[in-house]
Amino acid sequence: MSNSARNFSLRSVNTSKPQLTRTESQQSVAASDDYYSFSDRAASSVESLATIMRFRTPDSHAPSPAMSQIQLAREDLEAQRPPTSSTVRFVEDRPDRISPISDAARSNETSLRSPSDYPGPSTTPGLDDSPYVRFAIDQLTQDRSRGIQRTDSVSTTTTSDYPTDRLVWDEGLGYFTRTRTPIRHDTPPVRPSYTSPSPQALPQRPISVDPESFMAVDAPEQSLLYPPLDYLPLVLRPWALALTIFCCLLMMAGIVYCNVWSRGEEGLWNYTGQGDSRYFVLQFLPQIVATPIIIWSLVIQAAVYRIAPFSIMAAEREQGLVMNRLPILSKNFIIPDFSHFRHGEALFGFSLFTIWLSNFFAIPLLSCLFQAKYYIIDGQGVWRWASVQSVGWTLVGLYGVLTLGLVMLFVRFLSGRTGLMWDPVSLADLISIIQRSNILHDFEHSETVPSVRESLDPRVLRLGYWKLSSKTEIFYGIGEVDAPVRSPSLHQTGKNRENQPHGLAKVCFDLEHNAAFANDSPDHHLYSPSARYRWTPWFLRKIPVCIWIIIVFGLFIAFVAVSFINSAIEGGFPPKLPTLPSTSAFSSSNFLYSFIPALIGNVLFLAWQPVDVYFRALQPYAELSSPNGASAEQSVLLSYPSSFPIQVTIQAIINRHFKVAWISLMSILSLAIPILAGGVFIALWFPSHDDIRISASMPAFYALIAFCGLYAASFVVIWPGRRRYLPHDITTLADLMSYLYQSPLLSDKILREPRSKTDLVTRLVISPPSARQMPLYGFGIYVGRDGKEHLGIDRFQRPGRTDMLITTGTMK
């Protein structure tokens, strides 16, 4: 079949019994591409006149889709040239009457794909050629209804034998549909047969029909099909935030009490020695009490990052870079992240900054909150534990700022909606949100670019309920308001979607890769290893990991050697700073040897958090890169980034993801390093040296060495595997969407518009009735909805197609 036949759906008549007649034609019938033959003039004149049609034989080779449109228009112009002597007539013994058919029947029976549905070459750049194409179609099918008479031996038929509705494109739907309002046509003037038409002789472009566009709507109230879009993760719900605020207030109250009592009552407790219970309570317990707040604040921070882009889109803020610039993975650890300020969310930005401030300085300051001071009580000198006033009031201010940030989050989520049905914690959740989006066309070829954020134009997006301008059906997702559908196949339902070409043809991969991306540079080629394995976080690449291992083991060995050579720690060492406490109980040496070790340990703890975050986020892709695919539970449903710390470890052990389990456990155990380092040293009087020296609590020091050894050994575990390398980052929503924009999963019946998280999970973990086994999913080269090859996420196997090409297990 010629390409023009594939691009246009024309009404045809049964020509199974052609008869050839000779006529003395007085006017040409556009014979530019027709075959000519002559027959007896005594043709069957008694046959039905309704079946006299022009016939165009197939081309010897298929022209391009763009040239097909031009060719049809050119053929119709040829009809106005001087007449030829003959034409071909096909006469049916029992002609059928051609009658209009409904849109639904036409879309089911004569549906063909439109060039506008999928990207392709344009006939005239910057100009819509569809009116000319429609004009050519009219000339082929509706000449008599437009008043053009042919002076053949057989008279013309009545216009009722032909459909009089005008056929128009439906702006990328891939089907011809009738306009809902008739379009007026001016009868073109009769053109002289002896003159050759000029380009100006073409009729005026017909009035265009506006394409279907996205319209924002509110969901019906109290409808089970359209739940309210106000879901909040557990840690951001008002009662959870109120509980966290209460804990912060308790910390503030405790520190204020210690400061006031210590100043008014000459200390808190008598000093009875290093390493006893009182030493533990005042040197280690404050940091331990602060640990739950630190861990919980990291969980709150992860939830804010995860839903902030959705919340901004639901609020319909005029922010055009939220999708491709605002991160969804936590970055607020060693260095504060101000990205939310740049996107107009100062409340989120301030709250995250207060979390960073408290996490970075709380444990180091709590380590030096209490110091031993010499008091004269009842004429006798005694050493007593006292609260350092300056440090205590600094901590009160620090927790006060954190409380203010949490209160702002409380108010933000108490009065505003998030636009979410449930927590978007997995790839399957994202698929359900973007499956009917009208911005997917922006991501063409974005799966292999180094930076998706640089390849996309700014767009003001909305998250919520929508409907098309010509339909009443309401659906949910991300879209651009008043913008065309652009991906119409995602909005088809039922039989129409099942009959799409991607489910019918047997598709093979271009293993020689001479077609797709043939003109692209190797760095953007689908089959290029340099593109497929280009990215992993800089701190997880092989060279940086080698450097980390060398540095960490070198420092650890040096730390142990310096500590035990000549009993340097056990015998004490000179402070090199003033030791006697001031009236406010501040000691320079005690502050230095408590604050600095705790700060160094806290940096090590915070430095491990990005490793944990990215290993959690990359684990679904590592499973999807398995050469044999992965189940839904092990891949598209994994939600490690949103799980609680200990919960992640348990889930990963059950799933046999031992790297994730250990790294997540280490993210909690590494918090012991600043806790121990901040309380292990204290300035004491050594009678044997007749001097004040810095002494260490040896049980705590041994524990510190053990945790530092575990920390150093854990860097060997993070050695990056091939499966954790991707073409580009996965930090933003746009990064994730670039791996899904052409995936057949978007139009998969199993994932079609779930109404709850339970509904979504149930669909994915239960085998479909028509399948013999559970579907597997993969990350590799697949055939997308446009019939082209893409790199991303899809089912590992689909009926009628070759298996997904996953190169992780085959390429070296």
Side-chain angles (χ1 to χ4, degrees), residues 235 239-272 276-300 351 354-373 375 383-410 581-587 590-591 594-595 597-599 601-602 605 668 671-672 674-680 682 697 700:
V235 297
W239 66 266
L241 287 174
L243 184 61
T244 309
I245 292 171
F246 178 72
C247 292
C248 293
L249 293 176
L250 282 180
M251 285 291 296
M252 294 172 61
I255 295 171
V256 170
Y257 174 82
C258 292
N259 262 17
V260 174
W261 182 271
S262 175
R263 189 177 183 86
E265 300 296 332
E266 295 183 339
L268 300 171
W269 262 352
N270 289 338
Y271 175 80
T272 57
D276 63 356
S277 59
R278 293 186 180 183
Y279 186 90
F280 173 81
V281 169
L282 295 176
Q283 291 295 95
F284 297 110
L285 189 60
Q287 299 95 293
I288 295 175
V289 171
T291 298
I293 297 179
I294 292 174
I295 295 175
W296 193 250
S297 66
L298 291 177
V299 176
I300 292 175
S351 300
T354 61
I355 291 175
W356 173 85
L357 199 64
S358 63
N359 289 347
F360 198 86
F361 291 106
I363 286 183
L365 288 174
L366 285 169
S367 299
C368 51
L369 176 61
F370 300 107
Q371 301 293 345
K373 181 183 176 182
Y375 287 93
W383 287 92
R384 291 176 63 87
W385 288 105
S387 175
V388 181
Q389 298 294 307
S390 57
V391 175
W393 295 120
T394 301
L395 281 168
V396 170
L398 185 67
Y399 278 103
V401 172
L402 175 61
T403 302
L404 179 59
L406 294 175
V407 169
M408 295 178 71
L409 279 182
F410 180 91
S582 64
T583 56
S584 61
F586 179 81
S587 170
N590 280 326
F591 177 83
S594 294
F595 183 84
L599 183 64
N602 205 43
F605 161 70
I668 301 300
L671 192 56
I675 293 174
L676 294 170
V680 70
I682 189 172
S697 173

Considering all heavy atoms, the nearest [X]-[Y] contact:
X: Ser262; Y: Ser387; result: OG-N, 3.0 Å
X: Asn602; Y: Pro364; result: ND2-CD, 4.2 Å
X: Ser697; Y: Tyr279; result: CB-CE2, 4.2 Å
X: Ile363; Y: Pro674; result: CG2-CB, 3.9 Å

*Thr394 vs Leu398, side chain to side chain contact (heavy atoms under 4.5 Å, CB included): CA-CA, chis, key distance, verdict*: CA-CA 6 Å; Thr394 301; Leu398 185 67; 5.5 Å; no
Does a side-chain heavy-atom distance below 4.5 Å link [X] with [Y]?
X: Leu599; Y: Phe360; value: yes
X: Leu285; Y: Val289; value: yes
X: Phe370; Y: Cys258; value: yes
X: Ile295; Y: Leu671; value: yes
X: Leu402; Y: Ile293; value: yes
X: Phe605; Y: Ile294; value: yes
X: Thr354; Y: Leu406; value: no
X: Phe586; Y: Pro581; value: no

Hey, does the side chain of [X] reach the backbone of [Y] with a donor-acceptor pair shorter than 3.5 angstrom?
X: Ser351; Y: Gly405; answer: yes
X: Arg384; Y: Glu266; answer: yes
X: Ser358; Y: Ala362; answer: no
X: Tyr271; Y: Gln371; answer: no
X: Ser594; Y: Cys368; answer: no

Distance, nearest 0.5 Å, that separates [atom1] of [X] from [atom2] of [Y]:
X: Phe410; Y: Leu404; atom1: CZ; atom2: CG; answer: 14.0 Å
X: Trp385; Y: Asn270; atom1: CH2; atom2: CG; answer: 12.0 Å
X: Gln283; Y: Leu676; atom1: CD; atom2: CG; answer: 12.0 Å
X: Ser277; Y: Trp269; atom1: OG; atom2: CH2; answer: 6.5 Å
X: Ser584; Y: Lys373; atom1: OG; atom2: NZ; answer: 7.5 Å
X: Leu409; Y: Ile355; atom1: CG; atom2: CD1; answer: 6.5 Å

*Starting from the C-alpha separation in whole Å, work towards a yes-or-no answer on side chain to side chain contact (heavy atoms under 4.5 Å, CB included) for Phe361 and Leu395.*
CA-CA 9 Å; Phe361 291 106; Leu395 281 168; over 6 Å; no
*Could you label the plane-to-plane angle of the Phe595 and Phe591 rings as parallel, tilted or perpendicular, counting under 30° as parallel and over 60° as perpendicular?*
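Geometry flag for Phe591 against Phe595: parallel rings.
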_According to side-chain hydrogen bond (donor to acceptor under 3.5 Å, both in side chains), who are the partners of Gln287, at least two apart in sequence or on a separate chain?_
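Result, side-chain hydrogen bond (donor to acceptor under 3.5 Å, both in side chains) vs Gln287: Ser367.
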_Qualifying side-chain hydrogen bond (donor to acceptor under 3.5 Å, both in side chains) pairs with a residue from residues 397-410, counting only residues at least two apart or across chains_ = none
*Assess whether atom CZ of Arg278 is packed by more than 12 heavy atoms of other residues, nucleotides or ligands within 6.0 Å.*
yes
*Can you tell me if OH on Tyr375 sees more than 12 non-hydrogen neighbours from other groups inside 6.0 Å?*
yes
*asked:* Could you go through Ser297 and Thr244, starting from their C-alpha distance and side-chain angles, then the distance that decides it, and tell me whether this counts as side chain to side chain contact (heavy atoms under 4.5 Å, CB included)?
replied: CA-CA 8 Å; Ser297 66; Thr244 309; over 6 Å; no
*Apply side chain to side chain contact (heavy atoms under 4.5 Å, CB included) to Asn259 and Val388, showing your working.*
CA-CA 7 Å; Asn259 262 17; Val388 181; over 6 Å; no
